[in-house]
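Okay, structure first, notes after.
When reading the values below, keep in mind they use all heavy atoms of this one structure, side chains included, and skip hydrogens, waters and symmetry mates. If you're wondering where the values come from, they're calculated on a predicted model, not measured in any experiment.
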Amino acid sequence: MGLGRSEKRQMEEERVNLEWSLPVPSVQELVRQGQPDALPPSYVRDDVAPADHSPESSQGLPCIDLGKLMDPSSQSTELHNLHSACHQWGLFLLVNHEVSDEGMRLMKENVPGFFKLPYHEKQKSAQRPGSLEGYGQAFVTSHEQKLDWNDMIFLKCLPSHARNLDMWPQNPPKFRIALDKYSEDLRKVAVAVVKYIGMALGTHEGELELLMKSFWEGRYEVRMNYYPPCPEPERAMGLSPHSDNSGITMLMECGNMPGLQVLSRDGRWVTVPPVPGSIVVNLGQIMEIYSNGTYRAPDHRAVVNKEKERVSIVTFCYPSPSLPVGPSPQLLAATGLTPLFQTLSHSEYLQRFYNRKLDDVAPFISTLKL
């Protein structure tokens, strides 16, 4: 049953809680039951901006070598490269990151393996009312909103006491082992990445140690995405444009099918090519705020393909709730700059994010500016 105009207006005026999602049909099942010739109306997005597919656009994306950051002889040059990447793009390909080949292999086998299971088996991990965790979809708050062409499973991984193992699939048999190992590996990489981002920004000693400790003790949540082939990919969206509310986010592709796109500073959607063995790092809004706007949390999206599926694994890395969300005190003191953002408690920051207005057009981060 549709909503009347007054009811819609009431909904728009109210704040919604984005920590849960309405149940929606599985896109994978829609395709499996006989791919439609045309896109179902609820998935049609005629406002999709085209991407810049010129080869040189993707060639400009930065690549950062963690090994060079760790090596005193190359650290200074690579820190300069990292600073430029965070300022210009807010995103980079990370190589020599020390996530084990075995850990990556296990995830690349078990996550696609989960999505290949029969629907009734995947439903054992289905989202429950009032929670985003589990198999389903995210941020669906209205029966009338446009839907993304993907299925996902979202799980809290670290700290380990935050895990809800009832939601962790028992099939494939090694899924839990793979996710446990991968999340531990990713935490080590995240702490190292955050350390060097802090150094590139100019933080040091006590504040840098606090930043690293905060990310070691912080939250790590993993979203695993399945994007089925789509009958009209130019009219659909795998994942709507957004920036992340995390500290940093790390993405691993499970194949060679491109789909991630990032919005450049000059307003072009640029495809991020899958590079074997690499991890894509993008900055979240916590890090943009911490840098006082020197670095950016870029808008990004996922597009889909008519012939091929795509599977990606995205890890959202948050600092400890004890760390306030605000500009770096050392940065402000060293530069004399005026803070551009409020300093909030971690819980206040998340509360504002998850309870923002349903129809907010302005980016969330702009609401935190002074």
Taking [Y] as the starting point, is it possible to reach [X] by hopping between hydrophobic residues whose side chains are less than 4.5 Å apart?
{"X": "L106", "Y": "V311", "answer": "no"}
{"X": "L91", "Y": "V95", "answer": "no"}
{"X": "L66", "Y": "Y182", "answer": "yes"}
{"X": "V281", "Y": "V270", "answer": "no"}
{"X": "M70", "Y": "F215", "answer": "yes"}

Calculate, to the nearest 0.5 Å, the distance between atoms [atom1] and [atom2] belonging to [X] and [Y] respectively.
{"X": "Y227", "Y": "L260", "atom1": "OH", "atom2": "CG", "result": "8.0 Å"}
{"X": "M152", "Y": "F115", "atom1": "CE", "atom2": "CZ", "result": "9.0 Å"}
{"X": "L239", "Y": "Q261", "atom1": "CG", "atom2": "CD", "result": "11.5 Å"}
{"X": "Q88", "Y": "D266", "atom1": "CD", "atom2": "CG", "result": "10.0 Å"}
{"X": "S131", "Y": "N164", "atom1": "OG", "atom2": "CG", "result": "7.5 Å"}
{"X": "S183", "Y": "L155", "atom1": "OG", "atom2": "CG", "result": "10.0 Å"}

Tell me, do [X] and [Y] make a side-chain contact under 4.5 Å, heavy atoms counted?
{"X": "E348", "Y": "Q351", "result": "yes"}
{"X": "I197", "Y": "L283", "result": "yes"}
{"X": "Y226", "Y": "V111", "result": "no"}
{"X": "E307", "Y": "P229", "result": "no"}
{"X": "P233", "Y": "V304", "result": "yes"}
{"X": "I289", "Y": "Y349", "result": "yes"}
{"X": "L350", "Y": "H346", "result": "yes"}
{"X": "L94", "Y": "F92", "result": "yes"}

Taking only residues two or more places apart in sequence or in another chain, which ones pass salt bridge (charged side-chain N to carboxylate O under 4.0 Å, His left out) with [X]?
{"X": "E221", "value": "R219"}
{"X": "D46", "value": "R235"}
{"X": "D166", "value": "none"}

*Identify whether the distance between the nearest side-chain nitrogen and carboxylate oxygen of E209 and K213 falls below 4.0 Å.*
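So E209 does not pair with K213 through a salt bridge.
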_As a quick check of understanding, evaluate side chain to side chain contact (heavy atoms under 4.5 Å, CB included) for M250 and H97, giving each step before the final call._
CA-CA 11 Å; M250 296 192 281; H97 45 66; over 6 Å; no
State whether the side chain of [X] and the backbone N or O of [Y] hold a donor-acceptor pair below 3.5 Å, judged by distance alone.
{"X": "H87", "Y": "T294", "value": "yes"}
{"X": "S328", "Y": "S291", "value": "no"}
{"X": "Q127", "Y": "Q137", "value": "yes"}
{"X": "R296", "Y": "W89", "value": "yes"}
{"X": "E288", "Y": "A297", "value": "yes"}
{"X": "R310", "Y": "N305", "value": "no"}

*Using the salt bridge (charged side-chain N to carboxylate O under 4.0 Å, His left out) rule, collect all pairs that involve residues 87-107, keeping only residues at least two apart or in two chains.*
E102-R105, R105-E109
*If you look only at pairs with a residue in residues 66-90, which of them pass as a salt bridge (charged side-chain N to carboxylate O under 4.0 Å, His left out), with sequence neighbours excluded?*
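Non-adjacent pairs meeting salt bridge (charged side-chain N to carboxylate O under 4.0 Å, His left out): zero.
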Of all the heavy-atom pairs spanning [X] and [Y], show the shortest one and how long it is.
{"X": "I286", "Y": "G247", "answer": "CB-CA, 3.9 Å"}
{"X": "N225", "Y": "N150", "answer": "OD1-OD1, 4.4 Å"}
{"X": "P172", "Y": "N110", "answer": "CB-OD1, 3.5 Å"}
{"X": "R32", "Y": "Y119", "answer": "NH1-N, 4.1 Å"}
{"X": "P25", "Y": "D151", "answer": "O-OD1, 4.4 Å"}
{"X": "A302", "Y": "M237", "answer": "O-SD, 3.3 Å"}

*Quick one: do Q330 and L201 satisfy side chain to side chain contact (heavy atoms under 4.5 Å, CB included)? Show the steps, please.*
CA-CA 10 Å; Q330 281 188 352; L201 193 61; over 6 Å; no
*Taking atom NZ of K146 as the centre, does the number of heavy atoms from other residues, nucleotides or ligands within less than 6.0 Å exceed 12?*
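Counting other residues, nucleotides and ligands, NZ of K146 exceeds 12 neighbours.
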*Could you walk me through whether D185 and S100 pass the side chain to side chain contact (heavy atoms under 4.5 Å, CB included) test, one step at a time?*
CA-CA 8 Å; D185 283 352; S100 68; 3.5 Å; yes
Set of residues satisfying ring pair (Phe, Tyr, Trp, His ring centres under 6.0 Å) with respect to [X], sequence neighbours excluded:
{"X": "Y135", "answer": "F114"}
{"X": "F154", "answer": "none"}
{"X": "F316", "answer": "none"}

List, one per line, each side-chain donor-acceptor pair under 3.5 Å for residues 187-196, sequence neighbours excluded.
unit_1	atom_1	unit_2	atom_2	d
R187	NH1	W216	O	3.1
R187	NH2	E184	OE1	3.0

_Between V31 and W149, is the side chain to side chain contact (heavy atoms under 4.5 Å, CB included) condition met? List the steps._
CA-CA 11 Å; V31 173; W149 192 260; 3.7 Å; yes
*asked:* Does anything in residues 236-247 form a side-chain hydrogen bond (donor to acceptor under 3.5 Å, both in side chains)? List the pairs, not counting sequence neighbours.
replied: R45-S240, D148-S240, H242-D244, H242-H300, S243-Q285, D244-T249, D244-N282, D244-H300, N245-Y318, S246-T249
*Keeping to residues at least two apart or across chains, list the side-chain hydrogen bond (donor to acceptor under 3.5 Å, both in side chains) pairs with something in residues 197-206.*
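Counting only pairs at least two positions apart or across chains, no side-chain hydrogen bond (donor to acceptor under 3.5 Å, both in side chains) contact touches residues 197-206.
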Under 3.5 Å donor-acceptor pairs involving side-chain atoms of residues 331-343, not counting sequence neighbours:
unit_1	atom_1	unit_2	atom_2	d
T335	OG1	L331	O	2.7
T335	OG1	L337	N	3.3
Q342	OE1	R352	NH1	3.4
Q342	OE1	R352	NH2	3.4
Q342	NE2	L368	O	3.4

*Does one side chain, of E253 or S312, offer a donor that lies under 3.5 Å from an acceptor on the other?*
no
